[in-house]
Amino acid sequence: MSATPFRSLDNHNDTILHDIQNALQGLRFGSVEITVHNGQVVQIERKEKFRPQLPSNNKA
């Protein structure tokens, strides 16, 4: 079993944090789900909801 250098883990964690930031960027309604397996992030899923603006029924 080979040891992973600590710096390499830092770079990996930075990449994961960057991916999470990207998933959150511009999200107005929805969720970001992070899946972890054996202590490792294995999936980042973004679910976005769109809520259309309904025309108002203002009678003049």
Any chance you could measure [X], atom [atom1], to [Y], atom [atom2], to the nearest 0.5 Å?
X: Gln40; Y: Asn13; atom1: CD; atom2: CG; result: 8.5 Å
X: Arg46; Y: Gln25; atom1: CZ; atom2: CD; result: 8.5 Å
X: Glu48; Y: Arg28; atom1: CD; atom2: CZ; result: 9.5 Å
X: Gln21; Y: Asp14; atom1: CD; atom2: CG; result: 10.0 Å

Residues which pass side-chain contact (heavy atoms from CB on, under 4.5 Å) with Glu45, listed by chain and number, not counting sequence neighbours: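 With sequence neighbours excluded, Glu45 shows a side-chain contact (heavy atoms from CB on, under 4.5 Å) to Glu33, Gln43, Lys47, given in chain and number order.
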
Apart from Val41 itself, residues in the same hydrophobic cluster as defined by side-chain heavy atoms under 4.5 Å: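 Grouped by the 4.5 Å side-chain rule, Ile16, Ile20, Leu24, Leu27, Val32, Ile34, Val36, Ile44 form the rest of the cluster around Val41.
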
